[in-house]
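Report on the following structure.
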2 protein chains.
Amino acid sequence: MFIQIDNSSDRAVYQQIIDQVKRLVALGQLKVGERLATVRELAGDLLINPNTIGKAYRQLEQDGIIVTRPGSGAFVAELSSNLSDSVRERILMEQMELMVVDAVHMQVDGKTLRKWFDRTLKKFKIE
Amino acid sequence: MFIQIDNSSDRAVYQQIIDQVKRLVALGQLKVGERLATVRELAGDLLINPNTIGKAYRQLEQDGIIVTRPGSGAFVAELSSNLSDSVRERILMEQMELMVVDAVHMQVDGKTLRKWFDRTLKKFKIE
DNA sequence: TATATTGTACTAGTTGATGTAGTACAAGTG
DNA sequence: CACTTGTACTACATCAACTAGTACAATATA
């Protein structure tokens, strides 16, 4: 499990862990059923408090990304989403709009943005 | 200027103001040179402290979105970006990846995501 | 069975961001 | 001149994030 913390980031540490675990799962670099690093292992590697890892793992479990079993470890869960279509659309459109608004102010043209979008879809194999 | 604050959001109030001003400018609903609501006006309308509006306006000026002149008001600036191409790409790719990772976990397929992306480009007229 | 491991829960405390409240001031307007 | 406007400053309260330490129930292992 290759996870890195950027202390200069304004994103909370526990949130960075959540982001990266979700990213690894989406990329297929963490497969369904695979065991994650333990709370204490990861805390030791990253030099942060075990409670911070615990908070991230609990959030990941609540989001259905992983399953945890005390005494055994944390494991990647099956892909599933209990959200309605409208909620899915609202969440993703909000993120998409924030990104496009930034693109407009950075004067990035549609052609370039579309190129990056296609590249990202390919990277995550959802094309 | 139609700005709304969502108190149930986990996004800071001053950040919501920044988001929405940038969005209005990107949509063309706030045009270059147009005058924004004054700090005290907006604070009165939204029932929040003038300092919070001031913080948002100062951030917007630092980001080159608006120009402020004491005694006169705050005005929409010309579109411009002094960021390098590599920085632009890094910022946008990061937002794009976070969005796509969520899409994967929500089991939204590429066709649907592409449809929403096209719709967003059209909305901001950068197609 | 006994021991170690693992995720979870809890308290206590620190730090920093956020927001409120109030005042004051320099620059521009009319 | 009086008035408006953005800015700056202090003081204060609240909350999220994080650290530190301890303890516990469930599981795995020898």
Side-chain angles (χ1 to χ4, degrees), chain A residues 1 3-22 24-25 30 32-77, chain B residues 1 3-22 24-25 30 33-77 98:
Chain A
M1 267 181 67
I3 288 189
Q4 260 184 333
I5 298 303
D6 176 8
N7 289 106
S8 72
S9 169
D10 55 348
R11 209 157 170 81
V13 171
Y14 84 98
Q15 189 62 57
Q16 290 187 47
I17 295 167
I18 293 173
D19 290 345
Q20 294 188 48
V21 169
K22 286 174 71 175
L24 289 173
V25 173
L30 272 177
V32 172
E34 190 169 343
R35 189 170 180 273
L36 302 184
T38 71
V39 167
R40 292 168 177 81
E41 266 176 23
L42 201 49
D45 289 351
L46 303 180
L47 298 176
I48 55 184
N49 195 284
N51 291 335
T52 304
I53 312 287
K55 181 171 182 180
Y57 277 22
R58 258 172 280 138
Q59 183 69 51
L60 282 166
E61 171 149 50
Q62 192 162 3
D63 290 349
I65 312 292
I66 66 175
V67 176
T68 65
R69 278 185 301 162
S72 179
F75 305 85
V76 178
Chain B
M1 267 181 69
I3 288 188
Q4 258 184 335
I5 299 302
D6 177 8
N7 288 106
S8 72
S9 170
D10 55 348
R11 210 158 169 81
V13 172
Y14 85 97
Q15 189 63 57
Q16 290 187 48
I17 294 167
I18 292 173
D19 289 345
Q20 293 188 49
V21 169
K22 286 174 71 176
L24 289 173
V25 173
L30 271 176
E34 189 169 343
R35 189 168 180 274
L36 302 184
T38 72
V39 166
R40 292 168 177 82
E41 265 175 23
L42 201 50
D45 288 352
L46 303 179
L47 298 176
I48 56 183
N49 196 282
N51 291 336
T52 302
I53 311 288
K55 181 172 182 178
Y57 276 23
R58 259 171 280 137
Q59 183 69 51
L60 282 166
E61 171 150 49
Q62 191 161 4
D63 290 349
I65 311 292
I66 66 174
V67 176
T68 64
R69 280 185 298 163
S72 180
F75 304 85
V76 178
L98 283 175

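Proteins come first, then strands; the chains are lettered A, B, ... in the order of their sequence lines, and each starts at number 1. Since we're looking at a predicted model, the values are computed, not measured.
- Atom CZ of R35(A) and atom P of dT5(C) are 12 Å apart (whole Å).
- Between I48(A) atom CD1 and dT19(D) atom P there is a gap of 6 Å when expressed in whole angstrom units.
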Would you sort out whether Q15(A) and I18(A) count as a side chain to side chain contact (heavy atoms under 4.5 Å, CB included), showing the intermediate values?
CA-CA 5 Å; Q15(A) 189 62 57; I18(A) 293 173; 4.0 Å; yes
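- With N49(B) contributing its side chain and N51(B) its backbone, the two residues share a donor-acceptor pair below 3.5 Å.
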So R40(B) and I53(B), side chain to side chain contact (heavy atoms under 4.5 Å, CB included) or not? Walk me through it.
CA-CA 8 Å; R40(B) 292 168 177 82; I53(B) 311 288; over 6 Å; no
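- Looking at N51(A), its side chain comes within 3.5 Å of the base of dG21(D) through a donor and an acceptor atom.
- At a cut-off of 3.5 angstrom, counting only N and O atoms as typed in the model, there is no donor on one side facing an acceptor on the other between the side-chain of R69(A) and the base of dG7(C).
- Contact check, Y14(A) against dA17(D): a side-chain N or O comes under 4.0 Å of OP1 or OP2.
- One interatomic measurement links the two molecules: CG of L42(A) to P of dG7(C), which rounds to 10 Å at whole-angstrom precision.
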The test is side chain to side chain contact (heavy atoms under 4.5 Å, CB included); show your working for I5(B) and I17(B) and say whether it passes.
CA-CA 8 Å; I5(B) 299 302; I17(B) 294 167; 4.0 Å; yes
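- Not one side-chain nitrogen or oxygen of S72(A) sits closer than 4.0 Å to the OP1 or OP2 atom of dG7(C).
- The CD1 atom of I53(A) sits 13 Å away from the C1' atom of dG7(C) (whole-angstrom rounding).
- Rounded to an integer number of Å, the gap from F75(A) CZ to dA28(D) C1' is 11 Å.
- Atom C1' of nucleotide dA9(C) and atom CD of E61(A) are separated by 14 Å, given to the nearest angstrom.
- One interatomic measurement links the two molecules: CG of L46(B) to P of dG19(C), which rounds to 12 Å at whole-angstrom precision.
- At a threshold of 4.0 angstrom between heavy atoms, the contacts of R11(B) with the nucleic acid are absent.
- Comparing dT6(C), dT20(C), dA26(C) by their nearest atom to the side chain of T38(A) picks out dT6(C).
- Between dT18(C) and K55(B), a contact under 4.0 Å exists linking OP1 or OP2 to a side-chain N or O.
- The residue Q15(B) sits apart from the nucleic acid: no heavy atom pair falls under 4.0 Å.
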Evaluate the criterion side chain to side chain contact (heavy atoms under 4.5 Å, CB included) for residue pair L60(A) and K22(A); output intermediate values, then yes/no.
CA-CA 8 Å; L60(A) 282 166; K22(A) 286 174 71 175; 3.9 Å; yes
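- Comparing T52(B) and R40(B) along DNA chain C, the residue whose closest nucleotide (by nearest heavy atom) sits nearer the 5' end is T52(B).
- In this structure, the nucleotide among dT20(C), dA26(D), dG6(D) sitting nearest to the side chain of N49(B) is dT20(C).
- Nucleotide dG19(C) holds its P atom 13 Å from the CD atom of Q59(B), rounded to whole Å.
- In this structure, R58(A) reaches the sugar-phosphate backbone alone: every heavy-atom distance under 4.0 Å involves primed, P, OP1 or OP2 atoms, never a base.
- Residues V39(B) and V13(A) both approach DNA chain D. Their nearest nucleotides, taken by heavy-atom distance, put V39(B) toward the 5′ side.
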